[in-house]
Peer 1: 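Sending over a structure as C-alpha cells; questions will come in a sec.
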Amino acid sequence: MQKYLPHIRIPFKLFDDERIKKIPEEYRSSSLLILIALLKFVNSQSGQCYPRQATISSMVCLSRSTIYRCTELLQEVGILKKKRLKSTLLYMINPTYIVNKKIDVSSKDYDVSRKHIPRVMMTDINKTIILTNIDRLVKEVVSKGGDKNVIIDKLSTLPRSTLIKALEEKDNPFYVKQAMIVQDSKGNGKLVDLPKNIMNDIRKKKHFGYQQKVSKTKRDNARQTKTQSFLSELNKKK
C-alpha cells in the first residue's frame with residue numbers, strides 16, 4: 001500500500017501570475033493546464049523534462065497544434081524554454097515555478113523573511129547540491145543535444161551494481177530501468193573474451209585485401225570448373 005498518493009506541487013502564485021496574464025485569453029487556460037502537466041515530469045533540480053506531445057495530449061485532452069501554440073506562448077512570456085532533440089522536445093521550466101527548486105540565497109539582493117542577514121551567515125545552497133553519476137551523465141548527453149535513447153545507451157554501459165543502487169535510491173528510475181533492460185537484452189552487459197586465434201581470424205576475414213583474394217580464387221575456380229566441364233562435353237561427342 002502506498003504511503004501517499006502521487007501528486008503535482010504547484011506554487012500558489014501560478015494562478016495570479018503576471019506572465020500568465022500576458023498570454024491571450026483564448027489560450028490562457030490551456031497554457032496553464034499544459035504547464036501543470038509539464039510540472040508532473042519536471043526534475044526539480046535541473047528544471048528539465050522530456051514528455052512527448054502525444055503524452056501531454058492524452059493528459060490534457062488538447063490537440064498537438066494547441067499544445068505547440070501554448071508552449072510557444074509560455075516561452076514568449078518567459079515561463080519555459082524549448083529545445084529540439086533528435087526524437088523529442090526538451091522543456092526547461094523557469095525555476096520560480098518549481099516548488100522544490102533550490103534557490104541560491106548568497107545573493108546580496110535576496111532577503112530571507114525580510115530580515116537583513118550578514119553575508120557571512122548566508123549559504124550558497126547550489127554548492128551543497130551533489131550531482132550523482134547518473135545526473136552528470138544525463139546532463140552531459142542533453143548538453144550535446146542527445147535524446148532519451150542516447151541517455152539510455154550511455155547508462156547501459158555502467159556497471160550493473162551502479163544501476164541497482166541508483167534504482168534503490170530512486171535516482172532517475174525511468175532511465176535506469178530502461179538501461180537495465182538494454183543490458184539484459186545484451187546478456188546483462190557482460191563482455192566475453194574471445195580466444196586470440198578467433199579474433200585474428202575475424203580481423204583477417206574483414207581485411208579488404210583478403211576479401212579480394214577470396215573473390216579472385218572463387219572466380220578462378222568457377223572458370224576452371226566451366227573449362228573442365230566444356231572439355232568433358234567435347235570428349236563425349238568424339
Side-chain angles (χ1 to χ4, degrees), residues 5-105 107 109-110 125-126 129 131 134-155 170-179:
L5 294 174
H7 60 278
I8 302 172
R9 301 192 69 181
I10 305 169
F12 290 161
K13 70 172 187 176
L14 186 61
F15 300 99
D16 192 34
D17 187 76
E18 291 301 321
R19 291 191 178 98
I20 293 289
K21 291 179 180 178
K22 291 179 182 178
I23 296 174
E25 192 170 345
E26 60 180 310
Y27 290 106
R28 194 174 300 163
S29 58
S30 297
S31 298
L32 183 59
L33 186 57
I34 290 167
L35 176 58
I36 293 172
L38 291 174
L39 288 172
K40 174 187 175 182
F41 301 98
V42 74
N43 181 307
S44 61
Q45 300 307 314
S46 66
Q48 300 175 347
C49 55
Y50 311 81
R52 294 179 180 275
Q53 280 193 344
T55 303
I56 300 172
S57 179
S58 65
M59 288 177 61
V60 298
C61 299
L62 294 171
S63 67
R64 295 190 183 190
S65 59
T66 301
I67 292 170
Y68 174 80
R69 177 59 179 156
C70 289
T71 52
E72 286 290 305
L73 291 170
L74 288 168
Q75 184 169 235
E76 287 176 11
V77 298
I79 293 177
L80 60 78
K81 291 182 180 179
K82 296 192 296 183
K83 182 179 179 181
R84 168 59 64 182
L85 302 182
K86 288 183 179 179
S87 62
T88 186
L89 277 172
L90 166 65
Y91 297 93
M92 294 165 281
I93 299 178
N94 188 315
T96 59
Y97 298 92
I98 303 174
V99 174
N100 289 331
K101 180 69 177 177
K102 296 287 190 297
I103 301 173
D104 182 0
V105 297
S107 171
D109 299 328
Y110 190 85
I125 295 179
N126 283 335
I129 298 174
L131 291 176
I134 309 293
D135 287 330
R136 290 193 186 97
L137 192 147
V138 172
K139 189 174 181 180
E140 180 185 350
V141 172
V142 172
S143 67
K144 294 179 180 179
D147 59 9
K148 69 176 184 179
N149 294 325
V150 180
I151 293 171
I152 292 168
D153 286 340
K154 291 284 187 182
L155 287 177
K170 297 182 179 180
D171 181 6
N172 293 276
F174 170 78
Y175 291 120
V176 171
K177 287 179 182 177
Q178 295 302 312

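Residue numbers run from 1 in the order of the sequence given. Because only heavy atoms are used, hydrogens play no part in the values below, and waters and symmetry mates are left out as well, while side chains stay in.
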Peer 1: Sub-3.5 Å donor-acceptor pair from the side chain of Asn149 to the main-chain atoms of Ile152, do we have one?
Peer 2: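 Not a single qualifying donor-acceptor pair exists.
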
Peer 1: Could you check whether any side-chain N or O of Asp17 sits under 3.5 Å from a backbone N or O of Ile20, counting only pairs where one atom can act as donor and the other as acceptor?
Peer 2: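 The answer is yes, because a donor-acceptor pair under 3.5 Å joins these two groups.
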
Peer 1: Measuring from atom OH of Tyr97 to atom CG of Leu39, what distance do you get when rounded to the nearest 0.5 angstrom?
Peer 2: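 One gets 10.5 Å once the value is rounded to the nearest 0.5 Å.
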
Peer 1: Between Gly47 and Ile98, which heavy-atom pair has the shortest distance, and what is it?
Peer 2: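 For Gly47 and Ile98, the tightest heavy-atom pair comes out as CA-CD1, 3.6 Å.
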
Peer 1: Could you tell me whether the side chain of Thr55 reaches within less than 4.5 Å of the side chain of Lys40, counting heavy atoms only?
Peer 2: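 No, too far: nothing below the 4.5 Å cut-off.
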
Peer 1: When you measure from the side chain of Gln75 to the backbone of Lys82, do you find a donor-acceptor pair of N or O atoms at a distance under 3.5 Å?
Peer 2: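 Answer holds: yes.
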
Peer 1: Hey, what do you get for CD1 (Ile23) to SG (Cys70), rounding to the nearest 0.5 Å?
Peer 2: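 Here the interatomic distance stands at 7.5 Å.
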
Peer 1: Test Lys13 against Thr96 for side-chain contact (heavy atoms from CB on, under 4.5 Å), laying out the working first.
Peer 2: CA-CA 10 Å; Lys13 70 172 187 176; Thr96 59; 3.7 Å; yes

Peer 1: Hey, are the side chains of Tyr175 and Tyr50 touching, using non-hydrogen atoms and a 4.5 Å cut-off?
Peer 2: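 Sidechains of Tyr50 and Tyr175: in contact.
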
Peer 1: What pair of heavy atoms forms the shortest contact from Asn94 to Gly78, and how long is it?
Peer 2: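 Closest heavy-atom pair between Asn94 and Gly78: ND2-O, 3.2 Å.
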
Peer 1: In the structure I gave you, are the side-chain heavy atoms of Arg69 and Leu73 within less than 4.5 Å of one another anywhere?
Peer 2: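 Contact flag for Arg69/Leu73 side chains = yes.
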
Peer 1: Could you pull out the closest heavy-atom pair between Phe15 and Ile10, with the gap in Å?
Peer 2: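 Heavy-atom minimum between the residues: CE1-CG2, 4.2 Å.
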
Peer 1: Do the non-hydrogen side-chain atoms of Pro51 and Leu38 ever get within less than 4.5 Å of each other?
Peer 2: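 Yes, at least one pair of side-chain atoms sits under 4.5 Å.
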
Peer 1: Quick one about Thr88 and Lys148 (side-chain donor to acceptor, distance below 3.5 Å, no hydrogens or angles considered), yes or no?
Peer 2: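 The criterion, which ignores hydrogens and geometry beyond distance, is not satisfied for Thr88 and Lys148.
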
Peer 1: With rounding to the nearest 0.5 Å, note down the distance linking CZ in Arg64 to OG1 in Thr71.
Peer 2: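 One finds 13.0 Å between CZ of Arg64 and OG1 of Thr71.
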
Peer 1: Quick one: does Leu35's side chain get under 4.5 Å of Leu14's, heavy atoms only?
Peer 2: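 Sidechains of Leu14 and Leu35: in contact.
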
Peer 1: Specify the closest pair of heavy atoms between Leu74 and Ser31, including all atoms of both residues, with the distance to one decimal.
Peer 2: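 Scanning both residues, the minimum pair turns out to be CD1-O, 3.7 Å.
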
Peer 1: Looking at every non-hydrogen atom in both residues, tell me the closest pair between Gln53 and Leu89 and how far apart they are.
Peer 2: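 Between these two residues, the closest heavy atoms are NE2-CD1, 4.5 Å.
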
Peer 1: Tell me, do Glu72 and Tyr27 make a side-chain contact under 4.5 Å, heavy atoms counted?
Peer 2: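 In short, these two side chains do not touch, never coming nearer than 4.5 Å.
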
Peer 1: Closest approach of Ile151 and Leu137, non-hydrogen atoms and distance?
Peer 2: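 Scanning both residues, the minimum pair turns out to be O-CD2, 4.1 Å.
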
Peer 1: List the steps, then state whether side-chain contact (heavy atoms from CB on, under 4.5 Å) holds for Ile34 with Tyr91.
Peer 2: CA-CA 12 Å; Ile34 290 167; Tyr91 297 93; over 6 Å; no

Peer 1: Determine, step by step, whether Lys81 and Leu90 satisfy the side-chain contact (heavy atoms from CB on, under 4.5 Å) criterion, reporting the C-alpha distance in whole Å, the side-chain angles of both residues, the deciding distance to 0.1 Å, and the verdict.
Peer 2: CA-CA 8 Å; Lys81 291 182 180 179; Leu90 166 65; over 6 Å; no

Peer 1: Starting at SG of Cys49, measure out to CD1 of Ile56 and round the result to the nearest 0.5 Å.
Peer 2: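 Reported value, rounded in 0.5 Å steps: 7.5 Å.
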
